[in-house]
Amino acid sequence: MKVGMISFAHLHATSYASALLEMPWVEFVGIYDEDNDRAKEWASKLGVKHFEKLDDLLKTDIEAVIICSTNADHCHYTVKAAEAGKHVLVEKPIATTIEDANKMIETCKKNNVKLQIAFPVRYMPAVIEAKNIVQSGKLGRILAIKGTNHGSMPGGWFTEKDKAGGGAVMDHTVHVVDIIRWMFGFEFKEVYAEYDRLIHDIETDDCGLLTMELTNNVFATLDTSWNRPTAYPTWGDVTMTIVGTNGVLELDAYGQKFDIYNNDVKKAQWEHWGGNSDYFLVKDFLEACKNDTPVKVTGEDGLRALEVALAAYESGKKKMPVKIEDIR
Amino acid sequence: MKPGLKVGLIGGGTMGTAHAEAYRVIENAELVAVADLRPERAQAIATKTGATVRTASEIIADPNIDVIDVCLPTYLHRDYVVAAAEAGKHVFCEKPMARSLKEAEEMKAACEKAGVKLGIGHVVRFFPEYVRAYEKVKAGAVGDVAVVRCTRGGFPLPTAWQDWYANYELSGGLVLDMIIHDFDFLRWLLGPAERVFAKSTRGREYNRLEYALVTIKFKSGAIAHVEGSWVNGGGFHTRFEIAGSNGLIDYDSRKANPITVTVASKDGVPGVPVPASAWVENPYTTEIRNFINVLDGKEGTIVDGNEGYESLRIALAALESIETGKPVSL
């Protein structure tokens, strides 16, 4: 199966590229990037072709593309790829506006190609096991969920509003929102957010605390802050505390780790050994394309998660809770 | 008889017992009388400390008593604190200060009018891990504080006298009774709060099981998240994470145990590991010592009625937000 990649603007591109190269049944054909030098650099590092024009990549007989552009470019590239008949795996968040997200979903449908959003957290063994435990009913009825998706400040275009669509709230709302929807089947009804730029000298917000009303009379909070200092042992976290009538589950998705103390690094480091979720994500998507089965994370899933982030920004402006239905 | 201030204790429950122990240890105060509606509770404290069992009115009326320590359920604080102040006694009152702002105002006013000191039992300010974190932050360990997360709980609702904790009208539940500790710590660390938004299982679930998540925006710009739990989550524990412009402090009481003991039972069944802590001094003793020393002119500041009042405001704002579903400005 032949696959191409569009843009290495997002750092996850390298991880997906490695995954492509690891699968013997996949041929990683080449890279197009709006930054031609970056395309050249990565193509030569990875031993694949580089395409100076997007159309040249899309004219080949590749069946699918992986898009790791800036958030704002997701729509443009997805539409082009879908119109060329290629299946699309696109980095999260699906887009920066609801209009773009809808356009992506519709174009893929119309051209009969698959659209999957890159939510690798769904593919982490610890997260899958947590879902199994939740679904066993052991915790009783679910009452509340406390989540965090902390990170270090990514820099670059992530802090430019027109390219990223926002800051920490845009970057780190969607993973946990998607996990909650997938794990419990709950939908999000209302969002209240306190966010601010408190740490870094950047254009966008870098700290966020969201409080959300869900279906089934459940409430949740989520900390999206880019507040891991450079001295922190790792990039960030994904954690959830799930409170049920019969018990509590605490999930630390990257909790399978050991500590490294190295004199050259001058700080403790956490080494996670709980599985390469990016690999499983790419493999699952390509298998769905090959076997023509439904993708695990749909465009609609991506849109639902985006809505929560956009409602959070709206809430911050109004200093009031915002109903999801009001921003649709 | 010890030299120093004479103390009368009203309320011999869990906190009263902890305070009685503190008076036994500190040098410049003596517990001389104890009152409780349950004679056996009062007697137990009297036997241990040498205090006399008396009624609350007798204690308040006794001209030889200098300090009244009120360890009653929250809804009774106002009546006893006001009566003690009117009798010219200094008062130490358990947290939360009161069930309403009006009650707290009356308590403050009575103490001011009588010229007596009022201390509120926000004991977390005397727990060494919180004190050290406060000092480190003030010394610049994390830079400017941006986001703070606090956790308290993980055990089912305590059953006390007449099960008063379970009565929301009397206790204010989890938010007013327990995570006010964190509100007080945050206010101490960050200054005045600006806005509160909160959710709780209250009204969604039967009363004994309560879980709350509170977000506070501070005037300093910092934002804070407080988790409180009266759900069985592996036993009581506390956490705090203080992230700033130049660093981060991370504390989890479950990871800070100096001792874990596992003992097999007599029939050889493996035991359950039980963590043990090892205090330099019990924080309740440090707290009472601070109050007595201030009365004695040996220390400068206490957590006074104004402090208790401001922390109460945050807790009541959180309760209002839980009911209305809207943020509450302070």
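Side chains included, hydrogens not; waters and symmetry mates left out as well; all remaining heavy atoms used.
No more than 12 heavy-atom neighbours from other residues, nucleotides or ligands sit within 6.0 angstrom of NZ on K138(A). Within a 6.0 Å radius of CG in N306(B), more than 12 heavy atoms belonging to other residues, nucleotides or ligands are found. Atom CZ of R254(B) has more than 12 heavy atoms from other residues, nucleotides or ligands within 6.0 Å. No more than 12 heavy-atom neighbours from other residues, nucleotides or ligands sit within 6.0 angstrom of CG on D201(A). For K138(B), the NZ atom counts as densely surrounded, since its 6.0 Å shell holds more than 12 non-hydrogen atoms of other residues, nucleotides or ligands. The number of heavy-atom neighbours closer than 6.0 Å to NZ of K219(B), taken from other residues, nucleotides and ligands shown, is above 12. Within 6.0 Å of atom NZ in K257(A), more than 12 heavy atoms from other residues, nucleotides or ligands are found, so the atom counts as buried in its surroundings.
The part of T148(A) that comes within reach of chain B is its side chain, from C-beta onward, which places non-hydrogen atoms under 4.5 angstrom from that chain. With a 4.5 Å cut-off on non-hydrogen atoms, H150(A) touches chain B through its side chain but not through its backbone. Using a 4.5 Å cut-off between heavy atoms, I145(A) touches chain B through its backbone atoms (N, CA, C, O) alone. The contact between A222(B) and chain A is made entirely by backbone atoms, counting heavy-atom distances below 4.5 Å. Both the backbone and the side chain of T221(A) come within contact range of chain B, each with at least one heavy atom under 4.5 Å from a heavy atom of that chain. With a 4.5 Å cut-off on non-hydrogen atoms, N232(B) touches chain A through its backbone but not through its side chain. Heavy-atom distances place no part of S329(B) under 4.5 Å from chain A, backbone and side chain included. Residue D223(A) touches chain B through both its backbone and its side chain, counting heavy-atom pairs closer than 4.5 Å. Interface remark: T151(B) contributes side-chain atoms only to the contact with chain A (heavy atom separation under 4.5 Å). Of the two parts of D196(A), only the side chain, counted from C-beta on, holds a non-hydrogen atom closer than 4.5 Å to a non-hydrogen atom of chain B.
A side-chain donor-acceptor contact under 3.5 Å links R204(B) to the backbone of N217(A).
Contact of the E227(B) side chain with the T241(A) side chain is registered, since non-hydrogen atoms from C-beta on lie closer than 4.5 Å. Inter-residue side-chain proximity for L143(A) and L209(B) is flagged as met; some heavy-atom pair is nearer than 4.5 Å.
Salt-bridge annotation for E194(A) and K217(B): absent, with no side-chain N of the basic residue lying under 4.0 Å from a carboxylate O of the acidic one. E190(A) has no carboxylate O lying under 4.0 Å from a charged side-chain N of K326(B), or vice versa, which leaves the two without a salt bridge.
Below 4.5 Å, heavy atoms of chain B meet heavy atoms from K319(A), M320(A), P321(A), all part of residues 319-328 of chain A.
Between chain B and the options T245(A), N246(A), L249(A), V243(A), the largest number of non-hydrogen pairs under 4.5 Å is found for V243(A). Of the listed residues D206(A), L209(A), N227(A), the one with more heavy-atom pairs under 4.5 angstrom with chain B than any other is L209(A). Looking only at heavy-atom pairs under 4.5 Å with chain B, the residue among E213(A), E250(A), H200(A) that has the most is E213(A).
The CZ atom of R228(A) sits 5.0 Å away from the CG atom of L248(B) when rounded to the nearest 0.5 Å.
For V231(B) against G244(A), the heavy-atom pair with the smallest separation is CG1-O, 4.1 Å. Summarising the geometry of I223(B) relative to C207(A), their closest heavy-atom pair is CD1-CB, 4.1 Å, with the distance given to 0.1 Å. Between T211(A) and K199(B), the shortest heavy-atom distance links the atoms CG2-CG, 3.4 Å. A pairwise comparison of heavy atoms in G233(B) and V248(A) identifies CA-CG2, 4.0 Å as the closest pair.
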